[in-house]
Amino acid sequence: MWKQFIGKLSWKAMKSSSGGGGAGSPPAKPPPPLSSPRENGASPRENGATAKPNVSPPSPAAGAGAGAGAGAEVRSREDAFVQKVNICCAVYDFSDRGKDSPEKERKRQMLMSLVDCIGAAEEPLTETMIAACVRMFAANLFRVFPPKVRSGTSASETEEDEPFFDPSWYHLQVVYEFLLRFVTSPLVDAKVARKYVDSPFVSKLLDLFDSDDPRERDCLKTILHRIYGKFMGNRPFIRKAVSNIFYRFVFETDHHNGIAELLEVFGSVISGFAKPLKEEHKLFLWKALIPLHKPKSVGVYLPQLTYCITQFIEKEPKLSGTVIRGLLKYWPVTNSQKEMMFLGELEEVLELTDMAEFQKCMVPLFRKIASCLNSSHFQVAERALFLWNNEHLFDMISQNRQVILPIIYPALERNTRWHWNQSVLNVTMNVRQMFREMDERLLVACQNNFQEEEEKRAATEERRRLMWEQLERSTARGYHQPVIAADASFPAPPSSGRLVAPTVT
(Lines give C-alpha, C1' and ligand atoms only; values in the text may rest on other atoms or scores of the structure.)
Protein backbone atom coordinates (compact mmCIF):
# COMPACT_ATOMS: atom_id res chain seq x y z
CA MET A 1 0.00 0.00 0.00
CA TRP A 2 2.78 2.43 0.85
CA LYS A 3 4.58 1.44 -2.23
CA GLN A 4 1.52 2.33 -4.26
CA PHE A 5 1.19 5.72 -2.52
CA ILE A 6 4.86 6.54 -3.02
CA GLY A 7 4.49 5.51 -6.63
CA LYS A 8 1.58 7.96 -7.11
CA LEU A 9 3.61 10.80 -5.54
CA SER A 10 6.56 10.10 -7.78
CA TRP A 11 4.19 10.03 -10.82
CA LYS A 12 2.70 13.44 -9.88
CA ALA A 13 6.14 14.94 -9.36
CA MET A 14 7.32 13.63 -12.73
CA LYS A 15 4.12 14.94 -14.37
CA SER A 16 4.54 18.44 -12.89
CA SER A 17 8.21 18.64 -13.85
CA SER A 18 7.56 17.54 -17.43
CA GLY A 19 4.38 19.63 -17.99
CA GLY A 20 5.85 23.06 -17.45
CA GLY A 21 3.09 24.45 -15.22
CA GLY A 22 0.83 27.38 -15.50
CA ALA A 23 -0.52 29.92 -17.82
CA GLY A 24 2.44 32.26 -17.48
CA SER A 25 5.06 29.75 -18.48
CA PRO A 26 6.35 29.74 -22.07
CA PRO A 27 5.06 27.02 -24.36
CA ALA A 28 7.04 23.86 -24.31
CA LYS A 29 8.93 22.69 -27.35
CA PRO A 30 7.31 19.94 -29.38
CA PRO A 31 8.46 16.51 -28.31
CA PRO A 32 10.87 14.70 -30.58
CA PRO A 33 9.37 12.02 -32.79
CA LEU A 34 8.97 8.68 -31.19
CA SER A 35 11.59 6.21 -32.27
CA SER A 36 11.82 2.52 -31.81
CA PRO A 37 14.03 1.18 -29.01
CA ARG A 38 16.52 -0.24 -31.43
CA GLU A 39 16.97 3.20 -32.97
CA ASN A 40 18.01 4.51 -29.53
CA GLY A 41 20.75 1.95 -29.31
CA ALA A 42 19.41 -0.31 -26.50
CA SER A 43 16.47 -2.56 -25.87
CA PRO A 44 14.24 -2.32 -22.84
CA ARG A 45 15.86 -5.38 -21.37
CA GLU A 46 19.32 -3.84 -21.67
CA ASN A 47 18.10 -0.85 -19.69
CA GLY A 48 17.13 -3.09 -16.86
CA ALA A 49 13.41 -3.37 -17.52
CA THR A 50 12.02 -6.83 -17.20
CA ALA A 51 8.43 -6.24 -18.32
CA LYS A 52 7.06 -3.26 -20.29
CA PRO A 53 9.26 -0.28 -21.14
CA ASN A 54 8.93 2.60 -18.74
CA VAL A 55 7.33 5.08 -21.25
CA SER A 56 4.98 7.59 -19.71
CA PRO A 57 1.92 8.79 -21.66
CA PRO A 58 2.15 12.35 -23.10
CA SER A 59 0.68 14.95 -20.83
CA PRO A 60 -2.01 17.46 -21.97
CA ALA A 61 0.45 20.30 -21.61
CA ALA A 62 2.87 18.52 -23.90
CA GLY A 63 0.09 18.16 -26.52
CA ALA A 64 -0.68 21.86 -26.32
CA GLY A 65 3.00 22.58 -26.77
CA ALA A 66 3.07 20.45 -29.90
CA GLY A 67 0.06 22.33 -31.36
CA ALA A 68 1.70 25.66 -30.63
CA GLY A 69 4.85 24.49 -32.35
CA ALA A 70 2.91 23.40 -35.41
CA GLY A 71 1.12 26.77 -35.51
CA ALA A 72 4.44 28.56 -35.35
CA GLU A 73 5.72 26.46 -38.21
CA VAL A 74 2.63 27.32 -40.30
CA ARG A 75 3.07 31.00 -39.51
CA SER A 76 6.71 30.94 -40.50
CA ARG A 77 5.84 29.17 -43.77
CA GLU A 78 3.06 31.68 -44.41
CA ASP A 79 5.30 34.67 -43.65
CA ALA A 80 8.03 33.42 -45.97
CA PHE A 81 5.56 32.83 -48.79
CA VAL A 82 3.89 36.23 -48.38
CA GLN A 83 7.28 37.94 -48.26
CA LYS A 84 8.23 36.40 -51.59
CA VAL A 85 4.90 37.36 -53.11
CA ASN A 86 5.25 40.95 -51.91
CA ILE A 87 8.67 41.19 -53.56
CA CYS A 88 7.02 40.19 -56.86
CA CYS A 89 4.49 43.02 -56.54
CA ALA A 90 7.14 45.51 -57.63
CA VAL A 91 6.46 46.77 -61.17
CA TYR A 92 9.29 47.80 -63.48
CA ASP A 93 9.57 49.59 -66.81
CA PHE A 94 10.28 46.98 -69.47
CA SER A 95 10.42 49.40 -72.38
CA ASP A 96 14.06 50.09 -71.42
CA ARG A 97 15.85 46.74 -71.27
CA GLY A 98 18.90 48.05 -69.47
CA LYS A 99 17.00 49.76 -66.67
CA ASP A 100 16.82 47.94 -63.28
CA SER A 101 18.16 44.74 -64.79
CA PRO A 102 19.30 43.11 -61.49
CA GLU A 103 15.96 43.84 -59.81
CA LYS A 104 14.05 42.48 -62.81
CA GLU A 105 16.05 39.27 -62.82
CA ARG A 106 15.64 38.87 -59.07
CA LYS A 107 11.90 39.27 -59.44
CA ARG A 108 11.78 36.71 -62.24
CA GLN A 109 13.73 34.18 -60.21
CA MET A 110 11.39 34.78 -57.28
CA LEU A 111 8.37 34.22 -59.51
CA MET A 112 9.80 30.96 -60.78
CA SER A 113 10.45 29.79 -57.23
CA LEU A 114 6.81 30.60 -56.35
CA VAL A 115 5.60 28.58 -59.34
CA ASP A 116 7.66 25.61 -58.18
CA CYS A 117 6.47 26.13 -54.62
CA ILE A 118 2.78 26.04 -55.44
CA GLY A 119 3.31 23.08 -57.73
CA ALA A 120 5.09 21.00 -55.07
CA ALA A 121 3.06 22.16 -52.03
CA GLU A 122 1.37 19.52 -49.89
CA GLU A 123 -0.57 21.73 -47.49
CA PRO A 124 -3.49 24.03 -48.42
CA LEU A 125 -2.80 27.72 -48.90
CA THR A 126 -4.10 29.91 -46.10
CA GLU A 127 -6.39 32.86 -46.71
CA THR A 128 -3.53 35.29 -46.16
CA MET A 129 -1.46 33.54 -48.82
CA ILE A 130 -4.39 33.51 -51.26
CA ALA A 131 -5.03 37.23 -50.72
CA ALA A 132 -1.35 38.02 -51.29
CA CYS A 133 -1.30 36.01 -54.53
CA VAL A 134 -4.37 37.75 -55.95
CA ARG A 135 -2.91 41.13 -54.98
CA MET A 136 0.31 40.25 -56.83
CA PHE A 137 -1.62 39.11 -59.94
CA ALA A 138 -3.50 42.40 -60.03
CA ALA A 139 -0.33 44.48 -59.61
CA ASN A 140 1.46 42.76 -62.51
CA LEU A 141 -1.31 42.02 -65.00
CA PHE A 142 -3.81 44.88 -64.77
CA ARG A 143 -1.96 47.58 -66.67
CA VAL A 144 -2.13 49.95 -69.60
CA PHE A 145 -1.10 48.19 -72.80
CA PRO A 146 2.17 49.43 -74.30
CA PRO A 147 1.98 51.32 -77.60
CA LYS A 148 2.73 49.50 -80.82
CA VAL A 149 6.23 50.41 -81.95
CA ARG A 150 7.51 48.89 -85.16
CA SER A 151 10.66 49.99 -86.85
CA GLY A 152 11.40 50.01 -90.57
CA THR A 153 7.84 49.97 -91.90
CA SER A 154 4.77 52.05 -91.41
CA ALA A 155 1.97 50.86 -89.15
CA SER A 156 -0.51 50.67 -92.02
CA GLU A 157 1.70 48.17 -93.88
CA THR A 158 2.22 45.78 -90.98
CA GLU A 159 -0.92 46.17 -88.89
CA GLU A 160 -2.60 43.12 -90.40
CA ASP A 161 0.50 40.95 -90.98
CA GLU A 162 2.89 41.25 -88.06
CA PRO A 163 1.76 40.33 -84.53
CA PHE A 164 2.79 42.64 -81.73
CA PHE A 165 4.85 41.24 -78.84
CA ASP A 166 4.78 42.89 -75.44
CA PRO A 167 8.32 43.73 -74.19
CA SER A 168 7.32 42.71 -70.64
CA TRP A 169 6.26 39.20 -71.70
CA TYR A 170 9.55 37.87 -70.26
CA HIS A 171 8.03 38.42 -66.79
CA LEU A 172 4.34 38.26 -67.63
CA GLN A 173 4.72 34.69 -68.87
CA VAL A 174 5.83 33.53 -65.41
CA VAL A 175 3.02 35.50 -63.74
CA TYR A 176 0.46 33.83 -65.99
CA GLU A 177 2.00 30.44 -65.26
CA PHE A 178 1.71 31.16 -61.54
CA LEU A 179 -1.93 32.27 -61.98
CA LEU A 180 -2.75 29.09 -63.91
CA ARG A 181 -1.15 26.92 -61.20
CA PHE A 182 -3.02 28.92 -58.58
CA VAL A 183 -6.41 28.42 -60.25
CA THR A 184 -5.94 24.73 -61.00
CA SER A 185 -4.27 23.74 -57.70
CA PRO A 186 -6.42 21.52 -55.44
CA LEU A 187 -4.71 23.18 -52.47
CA VAL A 188 -6.50 26.47 -53.17
CA ASP A 189 -9.91 26.37 -51.53
CA ALA A 190 -12.46 27.73 -54.03
CA LYS A 191 -14.72 29.07 -51.28
CA VAL A 192 -11.89 31.09 -49.75
CA ALA A 193 -10.43 32.22 -53.06
CA ARG A 194 -13.90 33.32 -54.23
CA LYS A 195 -13.62 36.30 -51.85
CA TYR A 196 -10.64 37.61 -53.83
CA VAL A 197 -11.23 36.24 -57.35
CA ASP A 198 -14.40 38.31 -57.42
CA SER A 199 -16.32 40.20 -60.09
CA PRO A 200 -13.95 43.22 -60.30
CA PHE A 201 -10.96 40.88 -60.65
CA VAL A 202 -12.66 38.85 -63.41
CA SER A 203 -13.80 42.02 -65.18
CA LYS A 204 -10.25 43.39 -65.33
CA LEU A 205 -9.01 39.98 -66.45
CA LEU A 206 -11.49 40.03 -69.33
CA ASP A 207 -10.25 43.50 -70.33
CA LEU A 208 -6.83 41.94 -70.94
CA PHE A 209 -8.24 39.97 -73.88
CA ASP A 210 -7.84 43.14 -75.94
CA SER A 211 -4.06 42.75 -75.72
CA ASP A 212 -2.15 42.93 -79.00
CA ASP A 213 0.15 40.09 -77.95
CA PRO A 214 -1.28 36.74 -79.15
CA ARG A 215 0.73 34.86 -76.50
CA GLU A 216 -0.99 36.74 -73.71
CA ARG A 217 -4.44 36.12 -75.20
CA ASP A 218 -3.67 32.41 -75.45
CA CYS A 219 -2.74 32.25 -71.75
CA LEU A 220 -5.84 34.23 -70.79
CA LYS A 221 -8.01 31.82 -72.77
CA THR A 222 -6.82 28.85 -70.70
CA ILE A 223 -7.04 30.73 -67.40
CA LEU A 224 -10.57 32.02 -68.04
CA HIS A 225 -11.76 28.52 -68.87
CA ARG A 226 -10.29 27.22 -65.59
CA ILE A 227 -11.83 30.05 -63.59
CA TYR A 228 -15.22 29.36 -65.16
CA GLY A 229 -14.91 25.71 -64.19
CA LYS A 230 -13.67 26.19 -60.62
CA PHE A 231 -15.54 29.26 -59.38
CA MET A 232 -19.15 28.41 -60.14
CA GLY A 233 -20.43 31.57 -58.46
CA ASN A 234 -18.67 33.67 -61.12
CA ARG A 235 -20.30 31.93 -64.09
CA PRO A 236 -23.33 34.23 -64.56
CA PHE A 237 -21.13 37.30 -64.25
CA ILE A 238 -18.63 35.95 -66.80
CA ARG A 239 -21.40 35.26 -69.32
CA LYS A 240 -22.85 38.73 -68.85
CA ALA A 241 -19.45 40.45 -69.05
CA VAL A 242 -18.50 38.59 -72.24
CA SER A 243 -21.87 39.51 -73.76
CA ASN A 244 -21.15 43.17 -73.02
CA ILE A 245 -17.77 42.85 -74.73
CA PHE A 246 -19.50 41.47 -77.82
CA TYR A 247 -22.12 44.26 -77.77
CA ARG A 248 -19.47 46.94 -77.52
CA PHE A 249 -17.46 45.38 -80.33
CA VAL A 250 -20.40 45.01 -82.73
CA PHE A 251 -22.30 48.24 -82.12
CA GLU A 252 -19.63 50.71 -80.93
CA THR A 253 -15.91 50.12 -81.43
CA ASP A 254 -15.75 47.59 -84.30
CA HIS A 255 -12.33 46.57 -82.96
CA HIS A 256 -11.26 43.97 -80.39
CA ASN A 257 -8.28 41.64 -80.45
CA GLY A 258 -9.63 38.79 -78.34
CA ILE A 259 -12.99 37.89 -79.89
CA ALA A 260 -11.65 34.61 -81.31
CA GLU A 261 -10.21 33.56 -77.94
CA LEU A 262 -13.40 34.44 -76.06
CA LEU A 263 -15.47 32.46 -78.56
CA GLU A 264 -13.12 29.51 -78.20
CA VAL A 265 -13.67 29.52 -74.45
CA PHE A 266 -17.41 29.75 -74.88
CA GLY A 267 -17.39 26.91 -77.38
CA SER A 268 -16.51 24.53 -74.56
CA VAL A 269 -18.85 26.36 -72.17
CA ILE A 270 -21.82 25.97 -74.53
CA SER A 271 -21.10 22.27 -74.96
CA GLY A 272 -21.66 21.90 -71.22
CA PHE A 273 -25.06 23.58 -71.15
CA ALA A 274 -27.84 21.35 -69.84
CA LYS A 275 -30.86 20.39 -71.91
CA PRO A 276 -33.33 21.96 -72.38
CA LEU A 277 -31.55 25.25 -72.84
CA LYS A 278 -32.42 28.10 -70.53
CA GLU A 279 -33.97 31.24 -71.95
CA GLU A 280 -30.85 33.15 -70.89
CA HIS A 281 -28.70 30.96 -73.13
CA LYS A 282 -31.06 31.39 -76.12
CA LEU A 283 -30.90 35.17 -75.69
CA PHE A 284 -27.11 34.93 -75.66
CA LEU A 285 -27.30 33.20 -79.04
CA TRP A 286 -29.68 35.72 -80.59
CA LYS A 287 -28.37 38.96 -79.07
CA ALA A 288 -24.64 38.28 -78.69
CA LEU A 289 -23.48 35.57 -81.10
CA ILE A 290 -25.54 36.16 -84.25
CA PRO A 291 -24.78 39.94 -84.41
CA LEU A 292 -21.09 39.02 -84.51
CA HIS A 293 -21.65 38.35 -88.23
CA LYS A 294 -22.04 42.09 -88.81
CA PRO A 295 -18.42 43.42 -88.46
CA LYS A 296 -16.22 43.37 -91.53
CA SER A 297 -13.50 41.49 -89.59
CA VAL A 298 -15.74 38.46 -89.08
CA GLY A 299 -13.26 36.27 -90.95
CA VAL A 300 -10.81 36.49 -88.05
CA TYR A 301 -13.11 34.60 -85.68
CA LEU A 302 -15.65 32.91 -87.98
CA PRO A 303 -14.49 29.30 -87.29
CA GLN A 304 -14.93 29.78 -83.53
CA LEU A 305 -18.26 31.55 -84.05
CA THR A 306 -19.54 28.77 -86.31
CA TYR A 307 -18.55 26.18 -83.72
CA CYS A 308 -20.48 27.99 -80.97
CA ILE A 309 -23.58 28.28 -83.15
CA THR A 310 -23.51 24.63 -84.20
CA GLN A 311 -23.20 23.66 -80.54
CA PHE A 312 -26.44 25.50 -79.84
CA ILE A 313 -28.19 23.75 -82.73
CA GLU A 314 -26.98 20.35 -81.57
CA LYS A 315 -28.39 21.09 -78.13
CA GLU A 316 -31.73 22.30 -79.53
CA PRO A 317 -32.37 21.70 -83.28
CA LYS A 318 -35.28 24.17 -83.33
CA LEU A 319 -32.75 27.00 -83.10
CA SER A 320 -31.54 26.34 -86.67
CA GLY A 321 -34.35 28.48 -88.11
CA THR A 322 -33.37 31.33 -85.79
CA VAL A 323 -29.75 31.06 -86.93
CA ILE A 324 -30.67 31.01 -90.63
CA ARG A 325 -32.87 34.10 -90.27
CA GLY A 326 -30.03 35.82 -88.43
CA LEU A 327 -27.59 35.00 -91.24
CA LEU A 328 -30.02 36.42 -93.80
CA LYS A 329 -30.38 39.56 -91.69
CA TYR A 330 -26.63 40.26 -91.70
CA TRP A 331 -25.91 38.91 -95.19
CA PRO A 332 -23.24 41.03 -96.93
CA VAL A 333 -24.17 43.07 -99.99
CA THR A 334 -20.89 44.26 -101.49
CA ASN A 335 -18.25 42.10 -99.78
CA SER A 336 -17.73 38.98 -101.89
CA GLN A 337 -15.19 37.34 -99.57
CA LYS A 338 -17.54 37.70 -96.63
CA GLU A 339 -20.38 36.33 -98.77
CA MET A 340 -18.36 33.17 -99.43
CA MET A 341 -17.79 32.76 -95.69
CA PHE A 342 -21.51 33.06 -95.05
CA LEU A 343 -22.25 30.38 -97.66
CA GLY A 344 -19.81 28.02 -95.96
CA GLU A 345 -21.36 28.61 -92.55
CA LEU A 346 -24.85 28.29 -94.02
CA GLU A 347 -24.00 24.83 -95.32
CA GLU A 348 -22.82 23.70 -91.87
CA VAL A 349 -26.03 25.00 -90.30
CA LEU A 350 -28.23 23.35 -92.93
CA GLU A 351 -26.57 20.00 -92.24
CA LEU A 352 -28.00 20.17 -88.71
CA THR A 353 -31.43 21.48 -89.78
CA ASP A 354 -34.45 19.19 -89.76
CA MET A 355 -37.27 19.31 -92.31
CA ALA A 356 -39.73 21.29 -90.17
CA GLU A 357 -37.33 24.17 -89.56
CA PHE A 358 -36.13 24.07 -93.16
CA GLN A 359 -39.64 24.54 -94.50
CA LYS A 360 -40.19 27.59 -92.30
CA CYS A 361 -37.33 29.57 -93.83
CA MET A 362 -36.74 28.00 -97.27
CA VAL A 363 -38.45 30.76 -99.29
CA PRO A 364 -36.28 33.72 -98.12
CA LEU A 365 -33.27 31.40 -97.95
CA PHE A 366 -33.41 30.35 -101.60
CA ARG A 367 -34.17 33.86 -102.76
CA LYS A 368 -30.83 34.81 -101.25
CA ILE A 369 -29.14 31.75 -102.79
CA ALA A 370 -30.62 32.68 -106.17
CA SER A 371 -29.05 36.13 -105.94
CA CYS A 372 -25.73 34.48 -105.11
CA LEU A 373 -26.05 32.23 -108.17
CA ASN A 374 -26.16 35.31 -110.39
CA SER A 375 -23.22 37.02 -108.68
CA SER A 376 -20.64 38.44 -111.07
CA HIS A 377 -17.95 37.20 -108.68
CA PHE A 378 -17.45 33.68 -110.00
CA GLN A 379 -16.31 32.25 -106.65
CA VAL A 380 -19.54 33.33 -104.95
CA ALA A 381 -21.66 31.81 -107.72
CA GLU A 382 -19.60 28.63 -107.71
CA ARG A 383 -19.79 28.30 -103.91
CA ALA A 384 -23.57 28.68 -104.01
CA LEU A 385 -23.85 25.99 -106.70
CA PHE A 386 -21.74 23.62 -104.62
CA LEU A 387 -24.53 23.53 -102.02
CA TRP A 388 -26.20 20.91 -104.21
CA ASN A 389 -23.30 18.54 -103.49
CA ASN A 390 -24.46 18.25 -99.88
CA GLU A 391 -26.56 15.08 -99.63
CA HIS A 392 -28.69 16.22 -96.69
CA LEU A 393 -29.48 19.54 -98.35
CA PHE A 394 -30.15 17.86 -101.70
CA ASP A 395 -32.69 15.53 -100.05
CA MET A 396 -34.53 18.46 -98.47
CA ILE A 397 -34.51 20.36 -101.78
CA SER A 398 -35.87 17.36 -103.66
CA GLN A 399 -38.74 16.96 -101.19
CA ASN A 400 -39.63 20.67 -101.49
CA ARG A 401 -38.86 21.13 -105.19
CA GLN A 402 -42.37 22.46 -105.93
CA VAL A 403 -41.50 25.58 -103.93
CA ILE A 404 -37.73 25.84 -104.44
CA LEU A 405 -37.34 25.26 -108.19
CA PRO A 406 -39.61 28.17 -109.30
CA ILE A 407 -37.49 30.47 -107.10
CA ILE A 408 -34.06 29.48 -108.39
CA TYR A 409 -34.81 28.47 -111.98
CA PRO A 410 -34.59 32.05 -113.37
CA ALA A 411 -31.12 32.38 -111.80
CA LEU A 412 -30.02 29.07 -113.33
CA GLU A 413 -31.35 30.08 -116.73
CA ARG A 414 -29.61 33.47 -116.64
CA ASN A 415 -26.33 31.77 -115.76
CA THR A 416 -26.59 29.41 -118.71
CA ARG A 417 -27.24 32.33 -121.06
CA TRP A 418 -25.08 35.17 -119.84
CA HIS A 419 -22.53 34.20 -117.15
CA TRP A 420 -18.98 34.93 -118.22
CA ASN A 421 -17.19 32.15 -116.28
CA GLN A 422 -17.01 28.73 -117.90
CA SER A 423 -16.72 26.87 -114.60
CA VAL A 424 -19.90 28.47 -113.29
CA LEU A 425 -21.61 27.67 -116.57
CA ASN A 426 -20.66 23.98 -116.34
CA VAL A 427 -21.80 23.60 -112.72
CA THR A 428 -25.06 25.38 -113.55
CA MET A 429 -25.76 22.91 -116.32
CA ASN A 430 -25.13 20.04 -113.90
CA VAL A 431 -27.62 21.49 -111.39
CA ARG A 432 -30.22 21.89 -114.12
CA GLN A 433 -29.70 18.28 -115.11
CA MET A 434 -30.25 17.23 -111.50
CA PHE A 435 -33.63 18.97 -111.48
CA ARG A 436 -34.50 17.50 -114.86
CA GLU A 437 -33.89 13.99 -113.53
CA MET A 438 -35.78 14.86 -110.36
CA ASP A 439 -38.95 16.26 -111.98
CA GLU A 440 -38.83 17.00 -115.71
CA ARG A 441 -42.45 18.18 -115.92
CA LEU A 442 -41.86 20.79 -113.21
CA LEU A 443 -38.68 21.93 -114.94
CA VAL A 444 -40.49 22.40 -118.25
CA ALA A 445 -43.23 24.38 -116.51
CA CYS A 446 -40.66 26.63 -114.87
CA GLN A 447 -38.95 27.08 -118.24
CA ASN A 448 -42.20 28.14 -119.93
CA ASN A 449 -42.98 30.54 -117.11
CA PHE A 450 -39.50 32.02 -117.43
CA GLN A 451 -40.01 32.52 -121.18
CA GLU A 452 -43.28 34.37 -120.58
CA GLU A 453 -41.69 36.59 -117.94
CA GLU A 454 -38.79 37.37 -120.26
CA GLU A 455 -41.14 38.32 -123.08
CA LYS A 456 -43.07 40.64 -120.78
CA ARG A 457 -39.87 42.17 -119.54
CA ALA A 458 -38.59 42.70 -123.09
CA ALA A 459 -41.87 44.36 -124.12
CA THR A 460 -41.73 46.65 -121.10
CA GLU A 461 -38.14 47.60 -121.91
CA GLU A 462 -39.10 48.34 -125.52
CA ARG A 463 -41.96 50.65 -124.46
CA ARG A 464 -39.66 52.44 -122.08
CA ARG A 465 -37.05 52.90 -124.81
CA LEU A 466 -39.63 54.35 -127.21
CA MET A 467 -40.89 56.79 -124.60
CA TRP A 468 -37.38 58.07 -123.93
CA GLU A 469 -36.72 58.47 -127.67
CA GLN A 470 -39.92 60.53 -128.01
CA LEU A 471 -38.87 62.71 -125.09
CA GLU A 472 -35.46 63.26 -126.62
CA ARG A 473 -36.98 64.27 -129.98
CA SER A 474 -39.38 66.69 -128.28
CA THR A 475 -36.54 68.26 -126.36
CA ALA A 476 -34.47 68.58 -129.54
CA ARG A 477 -37.35 70.49 -131.29
CA GLY A 478 -37.36 72.99 -128.44
CA TYR A 479 -40.83 72.56 -127.04
CA HIS A 480 -42.50 70.11 -124.68
CA GLN A 481 -45.15 67.88 -126.09
CA PRO A 482 -47.08 65.75 -123.62
CA VAL A 483 -46.24 62.11 -123.96
CA ILE A 484 -49.24 59.82 -124.00
CA ALA A 485 -48.48 56.48 -122.48
CA ALA A 486 -49.05 53.53 -124.78
CA ASP A 487 -49.94 51.28 -121.91
CA ALA A 488 -51.85 51.46 -118.70
CA SER A 489 -48.67 50.62 -116.85
CA PHE A 490 -47.34 54.08 -117.76
CA PRO A 491 -50.23 56.51 -117.07
CA ALA A 492 -50.06 60.06 -118.35
CA PRO A 493 -49.44 62.76 -115.75
CA PRO A 494 -52.57 64.59 -114.59
CA SER A 495 -53.39 67.86 -116.31
CA SER A 496 -52.42 70.87 -114.30
CA GLY A 497 -55.42 72.79 -112.99
CA ARG A 498 -55.82 75.90 -110.92
CA LEU A 499 -54.71 75.34 -107.34
CA VAL A 500 -57.38 76.10 -104.78
CA ALA A 501 -56.41 76.81 -101.20
CA PRO A 502 -58.23 74.65 -98.68
CA THR A 503 -60.88 76.39 -96.67
CA VAL A 504 -60.38 76.59 -92.94
CA THR A 505 -63.50 76.10 -90.86
Side-chain angles (χ1 to χ4, degrees), residues 293 298-299 302-307 309-311 313-314 317 319-321 323-328 330-332 335-444 446-447 450:
H293 292 89
V298 64
L302 186 64
Q304 294 84 355
L305 178 59
T306 304
Y307 179 76
I309 288 176
T310 53
Q311 288 293 310
I313 298 176
E314 289 178 359
L319 293 174
S320 58
V323 173
I324 292 173
R325 285 188 291 271
L327 286 174
L328 296 178
Y330 294 105
W331 199 274
N335 191 334
S336 299
Q337 296 297 326
K338 189 175 177 181
E339 201 167 4
M340 291 172 57
M341 297 176 195
F342 273 51
L343 288 168
E345 183 179 2
L346 179 63
E347 183 176 3
E348 293 190 32
V349 172
L350 288 172
E351 286 182 354
L352 303 172
T353 305
D354 56 13
M355 183 61 69
E357 293 299 322
F358 178 77
Q359 290 175 345
K360 293 178 182 178
C361 58
M362 61 183 178
V363 173
L365 171 63
F366 278 90
R367 284 176 181 166
K368 181 60 67 177
I369 293 177
S371 66
C372 294
L373 292 176
N374 290 142
S375 174
S376 58
H377 195 290
F378 78 97
Q379 290 180 331
V380 174
E382 197 173 40
R383 185 66 185 87
L385 288 166
F386 283 159
L387 292 175
W388 272 261
N389 292 335
N390 189 294
E391 294 183 3
H392 177 65
L393 180 57
F394 183 78
D395 291 340
M396 292 193 294
I397 292 174
S398 63
Q399 296 180 38
N400 298 276
R401 59 184 179 273
Q402 299 290 339
V403 178
I404 295 174
L405 185 56
I407 297 174
I408 65 167
Y409 183 82
L412 295 175
E413 190 66 26
R414 292 188 186 99
N415 274 1
T416 56
R417 294 186 182 186
W418 301 304
H419 205 283
W420 63 273
N421 186 268
Q422 186 63 37
S423 176
V424 173
L425 181 61
N426 294 336
V427 181
T428 302
M429 297 297 292
N430 292 336
V431 173
R432 281 188 60 184
Q433 185 62 30
M434 289 181 185
F435 280 111
R436 186 178 299 276
E437 296 173 357
M438 191 185 303
D439 193 337
E440 185 174 2
R441 181 178 298 178
L442 178 61
L443 184 70
V444 172
C446 292
Q447 185 174 4
F450 177 76

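Please read all numbers here as calculations on a predicted model, not as lab measurements.
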For the side chain of N415 and the backbone of L373, is there at least one donor-acceptor N/O pair under 3.5 Å apart? yes
Taking atom [atom1] of [X] and atom [atom2] of [Y], what is their separation to the nearest 0.5 Å?
X	Y	atom1	atom2	result
I313	E351	CD1	CD	11.0 Å
F435	I397	CZ	CD1	5.5 Å
L393	L350	CG	CG	5.5 Å
E314	L352	CD	CG	5.5 Å
N430	R432	CG	CZ	11.5 Å
M355	Q399	CE	CD	3.5 Å

Side-chain contact, heavy-atom cut-off 4.5 Å: [X] with [Y]?
X	Y	result
P410	R414	yes
H419	T428	no
Q337	H377	yes

Which atoms form the tightest heavy-atom contact between S320 and V349, and what is the distance? O-CG1, 4.3 Å
What pairs with D395 under salt bridge (charged side-chain N to carboxylate O under 4.0 Å, His left out), at least two apart in sequence or on another chain? none
All side chain to side chain contact (heavy atoms under 4.5 Å, CB included) counterparts of [X], not counting sequence neighbours:
X	value
T306	L302, T310, E345, E348
M429	T416
K338	V298, P332, N335, F342

With W388 via side chain to side chain donor-acceptor pair (under 3.5 Å) - residues at least two apart: none
Looking at residues at least two apart in the chain, or sitting in another chain, which of them share a side chain to side chain donor-acceptor pair (under 3.5 Å) with R441? none
Give the C-alpha distance, both sets of side-chain angles, the deciding distance and a yes or no for side chain to side chain contact (heavy atoms under 4.5 Å, CB included) between F366 and N400. CA-CA 12 Å; F366 278 90; N400 298 276; over 6 Å; no
So, are R383 and E339 salt-bridged, with charged N and O less than 4.0 Å apart? no
